[in-house]
Chemist: 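Before we start, here is the structure in question, set down as structure tokens.
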Amino acid sequence: MHFTKKLLLGLFLCLSAPAFAQTSADPAALISDFRLQHREGRVKSDATLKRIAQNQANAMAAKGLMDHDVLGAFSSRVAPANAGRAAENIAYGYDSFPKTLDQWINSSGHRKNLLMHEGERVGVASAKSSANGRTYWAMVIAGDYEKPKPANTKGAKARTAAAKPKASAPRACRLKLLGLCL
């Protein structure tokens, strides 16, 4: 009997371990796992994108409204990330990120955002509405970050010189009226 209890306990722990691991996993890790299954690269968590996502989730929860434009246009909100490309997924009603991610995976537009080619960074956040009790989720994924250019003083001087407007040659006045040359 004692052996049976240990066996059942061991079996329970083995079978439930993946579920425990998944619910406590970092959103960036879960998104990366999904991306790797579809031949896209891993993403890492980014503080700026998380802040952008948190502001979006907070605003949706405060207004009880799921809307991409609740804080303004996405392009304006994501500008501080300095990314070449970015996308946003939003949702409400799910009590955990794995459930929210599963919903996004099963929606073609959200799935496309999750699999954004060359996506490198992600921010995920949630906020619970005190008015309706719903949990609102926001995810921002971004990529195409500019790589730092090597310092080349000669090239920089040449580009600077080329960028300066040339002084125009003085033109002869055809008509002078009240001190203005026309």
Side-chain angles (χ1 to χ4, degrees), residues 9 11-149:
L9 179 62
L11 184 59
F12 171 77
L13 291 174
C14 287
L15 292 175
S16 61
F20 288 132
Q22 187 179 24
T23 58
S24 64
D26 173 45
L30 292 175
I31 293 167
S32 290
D33 290 346
F34 173 70
R35 288 174 57 82
L36 289 172
Q37 292 171 8
H38 294 85
R39 296 186 176 93
E40 290 294 342
R42 290 190 173 281
V43 291
K44 64 181 179 179
S45 187
D46 180 87
T48 300
L49 297 179
K50 174 138 174 80
R51 181 181 44 78
I52 294 166
Q54 190 65 64
N55 289 343
Q56 176 68 12
N58 290 345
M60 291 188 302
K63 293 185 178 184
L65 177 68
M66 188 176 77
D67 183 0
H68 286 281
D69 296 325
V70 74
L71 279 178
F74 177 66
S75 59
S76 298
R77 292 186 292 108
V78 78
N82 295 319
R85 297 177 49 172
E88 177 179 65
N89 284 355
I90 58 175
Y92 75 87
Y94 301 97
D95 61 353
S96 70
F97 181 71
K99 290 178 184 177
T100 304
L101 179 60
D102 188 54
Q103 184 269 329
W104 287 337
I105 288 170
N106 291 305
S107 164
S108 63
H110 295 104
R111 180 186 187 96
K112 183 179 175 183
N113 289 345
L114 289 166
L115 295 173
M116 181 174 65
H117 185 62
E118 296 182 6
E120 300 169 34
R121 302 177 194 171
V122 69
V124 176
S126 66
K128 190 167 189 168
S129 170
S130 58
N132 62 25
R134 291 181 179 149
T135 300
Y136 290 82
W137 293 89
M139 177 207 76
V140 180
I141 186 168
D144 288 343
Y145 288 89
E146 282 194 33
K147 309 293 185 234
K149 293 181 173 72

Chemist: Flag the pair Leu65 / Met60 as yes when at least one side-chain heavy-atom distance between them is below 4.5 Å, and no otherwise.
Modeler: no

Chemist: Rounded at 0.5 Å granularity, tell me how far CZ in Phe34 sits from CD1 in Ile105.
Modeler: 4.5 Å

Chemist: What's the shortest heavy-atom distance between Arg35 and Gly41, and which atoms?
Modeler: NE-O, 2.6 Å

Chemist: Pick from Val43, Ile141, Ile31: which one makes a side chain to side chain contact (heavy atoms under 4.5 Å, CB included) with Leu114?
Modeler: Ile31

Chemist: Looking at every heavy atom in both Ala61 and Tyr136, which two are closest together, and how far apart are they?
Modeler: CA-CD1, 3.6 Å

Chemist: Looking only at non-hydrogen atoms, find the nearest pair between Asp102 and Asn106 and report the distance.
Modeler: O-ND2, 2.8 Å

Chemist: Report yes if some heavy atom in the side chain of Arg85 is under 4.5 Å from a heavy atom in the side chain of Met116; otherwise report no.
Modeler: yes

Chemist: Please state whether the rings of Trp104 and His110 are parallel, tilted or perpendicular, taking 30° and 60° as the class boundaries.
Modeler: parallel

Chemist: When rounded to the nearest 0.5 angstrom, what distance separates CZ in Phe74 from CD1 in Ile52?
Modeler: 7.5 Å

Chemist: With the side chain counted from C-beta on, respond yes when Asp33 and Arg42 share a heavy-atom pair under 4.5 Å apart, and no when they do not.
Modeler: yes

Chemist: Heavy atoms only: give me the nearest Tyr145-Ala81 pair and the separation to one decimal.
Modeler: CE2-O, 3.2 Å

Chemist: How long is the span from the CD atom in Gln56 to the CD atom in Glu88, to the nearest 0.5 Å?
Modeler: 4.5 Å

Chemist: Just wondering, are more than 12 heavy atoms of other shown residues or ligands nearer than 6.0 Å to OH in Tyr92?
Modeler: no

Chemist: Is there a side-chain contact (heavy atoms from CB on, under 4.5 Å) between Lys44 and Glu120 once you walk through the steps?
Modeler: CA-CA 6 Å; Lys44 64 181 179 179; Glu120 300 169 34; over 6 Å; no

Chemist: When you compare the side chain of Val122 with that of Pro27, does any pair of heavy atoms fall below 4.5 Å?
Modeler: no

Chemist: Taking atom CZ of Arg39 and atom CG of Leu115, what is their separation to the nearest 0.5 Å?
Modeler: 12.0 Å

Chemist: Treating Lys50 as the side-chain partner and Val124 as the backbone partner, does any N or O pair qualify as donor plus acceptor under 3.5 Å?
Modeler: yes

Chemist: How close do Ala138 and Ala57 get, heavy atom to heavy atom, and via which atoms?
Modeler: CB-N, 4.1 Å

Chemist: Kindly give the heavy-atom pair with the smallest separation between Ala28 and Ser45, and that separation in Å.
Modeler: CB-N, 3.8 Å

Chemist: How many angstroms lie between atom CH2 of Trp137 and atom CD1 of Ile90, to the nearest 0.5 angstrom?
Modeler: 14.0 Å

Chemist: If you round to the nearest 0.5 Å, how far is CG of Asn58 from OG of Ser126?
Modeler: 9.0 Å

Chemist: Does the side chain of His38 come within less than 4.5 Å of Arg111's, by heavy atoms?
Modeler: yes

